[in-house]
Each structure stands twice: as C-alpha cells, then as structure tokens.
K.L.:
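Following this message is one structure expressed as structure tokens.
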Amino acid sequence: MDSPLPLHVCHVNNLSVIINRLHALLHCIAIGFLIYYRASYLLQETRAIPIILWLLVFASELLLSFIWLLGRAYLWRPVSRTVFPERLPEDDKLPAIDVFICTADPEKEPAIGVMNTVLSAMALDYPADKLHVYLSDDGGSPITLHGMREACRFAKWWLPFCRRYGIKTICPQAYFSEADSDDYFGDSEFMVEKKKIKEKYEMFEEHVTKAVEDGEYGNSQNHSTIIEQIIQDTSGESETIRQADLVEMPLLIYVSREKRPDHLHHFKAGALNVLLRVSGVISNSPYILGLDCDMYCNDPTSARQAMCFHLDPKISSSLAFVQFPQKFHNINKYDIYDGRFRSAYCVQWQGMDGLKGPVLSGTGYYIKRESLYADFTHTVNDISELKDTFGKSNVLINSLHQSYKQNNANGENFSNVLQEETGVLASCSYEHQTKWGEEVGILYQSVSEDLFTGFILHCKGWTSTYLTPFRPQFLGTSTTNLNDLLIQGTRWGSGLTDVGLSRFCPLLYGPSRMSLLQSMCYGELSFFPLLYCLPLWCLATLPQLCLLNGISLYPEVSSPSFIVFSFIFISAICKHLQEVISTGGSIYTWRNEQRIWMIKSVTAHFYGSMDTILKLLGLRKASFLPTNKVLDKEQVKRYEIGQFDFQTSSMFLVPMVSLMILNMAALLFGFIRIIAVGNWDKLFAQVLLSLYILIINFAIVEGMIVRKDKGRISTSAILLSSVFSVILLFFGSIILM
Ligand SMILES: O=c1ccn([C@@H]2O[C@H](COP(=O)(O)OP(=O)(O)O[C@H]3O[C@H](CO)[C@@H](O)[C@H](O)[C@H]3O)[C@@H](O)[C@H]2O)c(=O)[nH]1
Ligand SMILES: [Mn+2]
C-alpha cells in the first residue's frame, strides 16, 4: 500500500553545514594558538606588563572564545521546512485550538491594537466551532473589557467579509492601511462591500478610542476576577447581515485574574497558567496558540500549517510545539536597532530545528496542551496526588483526562457552575501548595518564562519544530527607539541569566537529558548577556588605558603571533558578514548588528546580568516591565530616516558615551605617543581596536558632537560621561603606573 503523501518535508542546508564546520575548525585552531601565546607569557620569568592586566585580557578572550564555541552548536545542522496544508484531513477531523492572548497595561498597550490581535485570531482560516479565543487582561481594565464587546460586534461584519473574499490580511487595522490590499477582485460588489466594512471598522475604532478617553484604566495590582463570555450583541444594529454571510463565530472569552498586592502573580507566566486552567474547563482544546497582545495573525493559514506537524503520526507523539518566527510590521529598511533579531530568527532557530527544535519564543507558537501538564496525566491516577499537583478543582482534574470536550458554552452564557468554577481557578490563592509554575504549566523560574519552559520541555524529551515561510504568519510591533529597546534588553538579559545561574543551568542540567549540541545552544542563550558584557567592558577600557600609558597588550606587528590575532579578528567578522549576506542582509545590516551588540552588551545586558546577581543575593525582587507599544511621533520620524534616538535614560547613555570618550582619547593621545616615541609596531593592535570601536559606533560620536536635533545626546549626559571617563582614566593610570 502506498503511504500517504507527507504533510511536511525537511531540507538540510548542506552548503551552510560545510561552510560552518570548516570555518569552526579553522577558527578553533587559531584560538588554540592564541591561548598558547597568552599562557606561555605567564610562564616567562621576566614580564614587562603587570600580570593582572595580562590576566584580565586573557580571561576576556577566553570568555569570548567559550561563548563563540557554544554558538557553533546552532551552525551544526541548520534545516528549513516546507508544509502541505492541502493534504490535511477534512475540517471535521481537525483538532480544536484555544488561542491565548495576553495584555497587561492599557496605557502601554493601546486597546485598539489588542482588539486587532483578537479579531485577527478570530478570523483564522479554521473551523469556527474549533477555535476559542481567550484574552487575559492583567490590567483588569474596563477599557479592555469594553473593547472586547466592541470587537465582538465588529467581528460579526469582519469575519464573513474575510471568508467571503478570502482576505489574507485578516487584521483589520493592517488591511485598511495597506496600499494594495487583496483588491485583485476589482469588482464593484467587492468594492462596495469593502467600503461598508471600512466604515464599520472606523466606527469600531472610534468607540474603542472614545472609551479610552472617557474610561478609567483600572487598578492593575488590585482587582477581583472577571471572566466573561463575550456574546454577539445585535441590539442597536440597524442593518442586518446577509443570511448567507451569517457565520459561526469562535468562542470569545475575557479573563482578568484576581490580583492582590500581597500575592505573587508571576507576570505573564502566571497569566498564561490562569488561561490554561480556565480554558481547560471551558473548551479544553488539545492545542494552544500563544500570542502577545501586539502580535496579530498575518496569515490565516498558520493553524493549518502548524497542524501539518502536530497531525503527522511519525512525530506528533513527542512534538510539544511548532514555533513561528517573530516578525514585525514596523521595521524599516535601515533597521538600526536590529529589531528583526535576524540572528535568532534566521540562523539560530533554524540551527536548533536541525537538532531537537527551536526555543519557545513567547508568542506565535502552537503548543500541545498535554506537554504543559507534565507527565502527571498519564502516570498518576491517584486523585489526591493530582490535587496536590493541579489544585483542588474537580472539574479541572476531570478535564485532564478528556482530550477534548466540545465546549458547551457556545452561543449562550456559560452556566453558573462554570462561572463559579472559573472564578476559583483564576483566584490568586488557587496555586498555593500546588505544582503550577514549578512542574506544570508555564514555569516561573525566570522572567524569560518562554525560554525556560521550552528548555525544560526539551529536557523531558519533547521536541519542537520551526517554520518560517515567505509570508509571515504573525506580525508584532517592534521597539523603534533606543530607550525601549534597552529596557526590553535589560529584562531579557536578566531573564536569560536567571536560567544560566539557576540549578537548571543548561550546561550542567542539560547534557544528561538532551544532546550536547542542544545543551550548548541553551547554554549560549542563557549565558550570552553575562559572557559578552564582562569581556566587552574589559576590552573597551583596558587596551585603551594601556595605549594611553604606552603599554602593549598584543604582539608586535612583525611577530608571527600577530597573524593569529588578526586571523581571529578577521575570521569572526567575515563569518558574521557571510551569515548576514546569506540571510538577505547587507554590509549596513552587519554594521548595525555589530553596533547594537556592543551597545547592548555594555548597557542592557550588563544591567540585566547584575539584576540577576542581585536577585540571587536577595537584594532585588523580580520585575517585568511590559514593553511600550505606543509610538511617539517624533521618535518614529527619527527612526524612519535611520537616525539614532538618544532621548534615552542616562543610565544607558552614560556608559556608552563614557566608553566613546575613552576610546577617542586613547586614539588621539595614543597616536601622538606613537609619533613621538616611534613604537607603533607594539601599539598598532590597540590603535586598531579603538579605531574599530569608533568607526562602528560613529553614530554615538555624531550624537555627541555633530547633531543639533532633539534626538542628540544631551549636554548633561555628555558632561556626566566626561566626569565618568576622567575618573576611569585617573584610576586606570594610577593602577598602571
Ligand atoms: O505581568 C504581565 C506582563 C506582561 N504580560 C504580557 O506579556 C506579553 C509580552 O510582554 P512585552 O512587554 O511585549 O514583552 P516583550 O519583551 O516584547 O516580549 C518578549 O519577551 C517576553 C519574555 O520576556 C515573552 O514573554 C514575549 O512573548 C516576547 O515577545 C504582552 O502581551 C504583555 O501584555 C502579561 O500578560 N502580564
Ligand atoms: Mn512585545
């Protein structure tokens, strides 16, 4: 018998495999020579350079080499995948999906954006009776609840329109702002219809924004549970919808969990666990689509694409989730802040996909509910043990065993019993003395709950897959100003370091539970903030201070060891450039990525790592500052022309500006010294290093000296940084003398 056609295929990128492994081998040999050079100096009897300096530079080089080595695991076996959704079984055989959307702050996350995400999820190309959309509102805001009601009302127009004309851009805001939306119909009936829906959308938008102006935001830290099924409210509608267009609507539920100031809420992870429980007793779909409130569905077929993996009997039993890339609708061609996260979504995730699968990335994933329930549902039948794990709710415990219970809430309000039960499940005391967040659900260990939960799933033997086709399935809002970017970077830096420095450190906890390569990937991810920030701070200050004082830290140009250093430097740059070019970038992309890597390392990742260390010492509490999604007009303008926005907190500005001043001083006085003394041979490498740092970060120099607009670096920040650099210089020189 012929086996059925495959639902998906996987291609190994052989050319990349060859290039990557060959390069790794050569680079490794060079690092070997470098280590030999540094170490043999330590064994010499007479030394011209203070040993501490040598050790610091050597340690920095070792750390950089170590993190580089871990990163080779991504490049070992990159793959890409193709799916064939047309080969899926009939609609009535498809499994149900619960969509989880999280929002937390109506000020930073405007309701109209959140509602567009909700509407796009409702309009997914999937049987409506198998789609259930849940919105978690951590802000507990009446504005959001009101927005949901309005969205439901508009959905009644939007969904039939999308289905009737096969609209691809199912997020209304995006659809109506597109210049050439799916208008290939060109026929007049369609145009009339489109105009009508556009008017409805504008009305909806007006109602939502008006409620924002008039309404109150609510108290995000202190409120009781509100769970409401949003039902189509047809009252007050003068027009009726065409009979033929009356479509079934996905179930729509608003959940605002109880929050009290004296309870830990565990941020987004806590919100997701409430949704898991509440949806468990309502629709209990076997699959869940996780979305951030700003990440709308851009391709109606994403659910079917994901099902090509989940329904493949060859892999489905161990497959926990299908991850789609995070892509953004507001990134321009300059992409000065590397908002694309190119290396993560174009290189690293594909590399992990060739091992056991990519990292859970917080949004845009289809996960199997069962994988989040640990193994308890299979192995434990003792009811009291189940209650110790999942909490006291009998209804929830019953739901664990049924793979899918047809929801009984559609169309009518859910029963009082269900209403009461969900209230209990969303209360802030429900998780007390249970294993939520520790063994079941989304895990609480780190503020990067996504990375940590995915890591533990992989440790338990689950796999994941990654799919990145031409049309992005989801589109989010990227941060387009330096301040927001660095705040976000600080949280990630801290969340990732949380994992690295915990007892679940991937390099120790991983290897016995997953392949060494996979552990190396997770190791790289959880250590890169810490392992880049320390050496970058060192290499941005020590060689410069030494240059000013005429101390040479690198081999003379005429010595053979100089070739080793030059090779490593050039090889690292060329490999990065090759990756950038082969993923569609240009030399500017390369420069931008180098620059933002340096800036983030000495600021956000430094603060993030320190935050974790302070948390470990008990000196700080965990926090999750949601990223701002409101765009400031002036900042957007600067972003549009690819200009850095230095209207940034001085906490971030001072370190980077100070380092620039130090490098400028080193270059200038170092140069003068070389001319005067004539020992250019010895100091050439250090001159080159400063020059490289300055060229890459020229935008900062411009912001300090050339620019006059509001986005320049303020005089006060420059003064403060100058004081900081003078202190650095002063103490540095004392130590070196
Ligand atoms: O207490 C909270 C805090 C945040 N959120 C929601 O979490 C989502 C992500 O927050 P955001 O501020 O957008 O953070 P980002 O840094 O943009 O998010 C990235 O990083 C997070 C981990 O730090 C992941 O959870 C996200 O999926 C990933 O997109 C948003 O929908 C928030 O509304 C909550 O529901 N409750
Ligand atoms: Mn976000």
Side-chain angles (χ1 to χ4, degrees), residues 99-111 113-118 121 134-141 144 220-221 223 254-257 259 263-276 289-296 321 323-331 337 339-341 344-345 359-365 367 426 428 442-455 474-480 484-499 525-526 529 600 604 608 611-612 622-631:
V99 183
F100 291 179
I101 301 170
C102 290
T103 183
D105 183 336
E107 272 181 88
K108 287 187 180 161
E109 307 176 326
V114 181
M115 293 314 139
N116 266 282
T117 303
V118 170
Y134 293 81
L135 177 78
S136 153
D137 176 19
D138 263 356
S141 163
T144 313
S220 66
Q221 295 314 315
H223 59 252
Y254 171 89
V255 178
S256 173
R257 59 178 167 148
K259 283 176 98 182
H263 274 82
L264 284 180
H265 296 104
H266 304 290
F267 317 109
K268 182 182 172 192
L272 286 172
N273 284 341
V274 168
L275 284 185
L276 263 175
L289 162 62
L291 288 178
D292 286 349
C293 61
D294 61 341
M295 180 132 303
Y296 64 80
F321 60 92
Q323 179 67 54
F324 291 103
Q326 284 201 32
K327 300 229 167 154
F328 305 91
H329 60 82
N330 58 334
I331 289 180
Y337 303 122
R340 280 195 181 87
F341 297 107
Y345 292 109
V359 178
L360 189 67
S361 317
T363 175
Y365 58 84
I367 195 166
C428 53
I442 303 289
L443 307 179
Y444 297 151
Q445 179 83 29
S446 151
V447 276
S448 293
E449 75 300 323
D450 40 4
L451 171 96
F452 185 64
T453 306
F455 170 62
F474 304 100
L475 284 175
T477 312
S478 164
T479 48
T480 51
D484 287 341
L485 182 89
L486 294 179
I487 292 178
Q488 188 189 47
T490 306
R491 166 156 46 79
W492 288 349
S494 159
L496 300 179
T497 313
D498 279 347
V499 179
L525 273 170
S526 52
K600 277 189 182 169
D611 183 59
T612 297
S623 67
F624 187 131
L625 218 57
T627 309
N628 183 29
K629 285 130 193 144
V630 188
L631 303 175

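Since the structure is predicted, the reported quantities are computational estimates derived from the model, not experimental observations. Remember, it's 1-based here, ligands and their atoms both numbered in the order they're listed.
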K.L.:
Got a sec, which residues hit salt bridge (Lys or Arg N to Asp or Glu O under 4.0 Å) with Asp138, two or more places apart in sequence or on another chain?
P.N.:
Arg257

K.L.:
Are Lys629 and ligand 1 in contact, using a heavy-atom cut-off of under 4.0 Å?
P.N.:
yes

K.L.:
Give me the residue, atom name and distance of the protein heavy atom closest to atom 31 (O) of ligand 1.
P.N.:
Cys102 O, 2.7 Å

K.L.:
Please classify the Lys268 to ligand 1 contact at 4.0 Å (heavy-atom distances, strictly less than): side chain, backbone, both or neither.
P.N.:
both

K.L.:
For the residue pair Trp492 and Phe341, categorise the inter-ring angle as parallel (less than 30°), tilted (30 to 60°) or perpendicular (more than 60°).
P.N.:
tilted

K.L.:
Decide whether the shortest distance between a heavy atom of Gln326 and an atom of ligand 1 is less than 4.0 Å.
P.N.:
yes

K.L.:
Please determine if Ala271 has a nitrogen or oxygen closer than 3.5 Å to a nitrogen or oxygen of ligand 1.
P.N.:
no

K.L.:
Which heavy atom of the protein is the closest neighbour of atom 12 (O) of ligand 1, given with residue, atom name and distance?
P.N.:
Thr627 N, 2.5 Å

K.L.:
Within the side chain of Gln488, is there an N or O that forms a donor-acceptor pair under 3.5 Å with the backbone of Thr479?
P.N.:
no

K.L.:
Nearest to atom 32 (C) of ligand 1, what protein heavy atom do you find, and at what distance?
P.N.:
Glu109 OE2, 3.3 Å

K.L.:
Side chain, backbone, both or neither: which part of His265 comes within less than 4.0 Å of ligand 1 when only heavy atoms are counted?
P.N.:
neither

K.L.:
Which of these, Phe624, Phe452, Phe100, Tyr365, has its nearest heavy atom closest to atom 4 (C) of ligand 1?
P.N.:
Phe624

K.L.:
Looking only at distances, can you tell me whether any N or O atom of Ser136, backbone or side chain, sits closer than 3.5 Å to an N or O atom of ligand 1?
P.N.:
no

K.L.:
Applying ring-ring contact (aromatic ring centres under 6.0 Å, His included), can you list everything that pairs with Tyr444, at least two apart in sequence or on another chain?
P.N.:
His266

K.L.:
Looking only at protein heavy atoms, identify the closest one to atom 20 (O) of ligand 1 and say how far it is in Å.
P.N.:
Trp492 NE1, 2.9 Å

K.L.:
Relative to ligand 1, is Val447 under 4.0 angstrom through side chain, backbone, both or neither, heavy atoms considered?
P.N.:
backbone

K.L.:
Can you pull out the closest protein heavy atom to atom 24 (C) of ligand 1? Residue, atom name and distance to 0.1 Å, please.
P.N.:
Asp450 OD2, 3.3 Å

K.L.:
Under a 3.5 Å threshold, yes or no: a donor from one side chain and an acceptor from the other, between Thr612 and Asp498?
P.N.:
yes

K.L.:
Give a yes/no verdict on a cation-pi contact between Arg340 and Tyr345, requiring under 6.0 Å between NZ or CZ and the six-membered ring centre and an angle within 45° of the axis.
P.N.:
no

K.L.:
List the closest protein heavy-atom neighbour of atom 36 (N) of ligand 1: residue, atom name, distance to the nearest 0.1 Å.
P.N.:
Asp138 OD2, 2.8 Å

K.L.:
Heavy atoms, side chains only, cut-off 4.5 Å: are Phe452 and Leu443 in contact?
P.N.:
yes

K.L.:
Which is closest to atom 28 (C) of ligand 1 by heavy-atom distance: Asp137, Asp292, Thr363?
P.N.:
Asp292

K.L.:
Counting N and O atoms only, with roles assigned by atom type, does the side chain of Gln326 sit under 3.5 Å from a partner on the main chain of Gly364, one being a donor and the other an acceptor?
P.N.:
no

K.L.:
How far is atom 16 (O) of ligand 1 from its nearest protein heavy atom, and which residue and atom name does that atom have?
P.N.:
Gln488 NE2, 2.9 Å

K.L.:
Is the side chain of Asp137 donor-acceptor paired with the backbone N or O of Ser256 at a distance under 3.5 Å, no angle test?
P.N.:
no

K.L.:
Is ligand 1 less than 4.0 angstrom away from at least one heavy atom of Met295?
P.N.:
no

K.L.:
Do Asp450 and Lys268 have side chains that get closer than 4.5 Å, going by heavy atoms?
P.N.:
no

K.L.:
Looking only at protein heavy atoms, which one is nearest to atom 25 (O) of ligand 1, and how far off is it?
P.N.:
Glu449 OE2, 2.6 Å

K.L.:
Answer yes or no: is there a donor N or O on one side and an acceptor on the other, between the side chain of Thr117 and the main chain of Cys293, under 3.5 Å?
P.N.:
yes

K.L.:
Under 3.5 Å between any N/O of Gly362 and any N/O of ligand 1: does that happen in this structure?
P.N.:
yes

K.L.:
Looking at ligand 1, would Gly495 count as a contact under a 4.0 Å heavy-atom criterion?
P.N.:
no

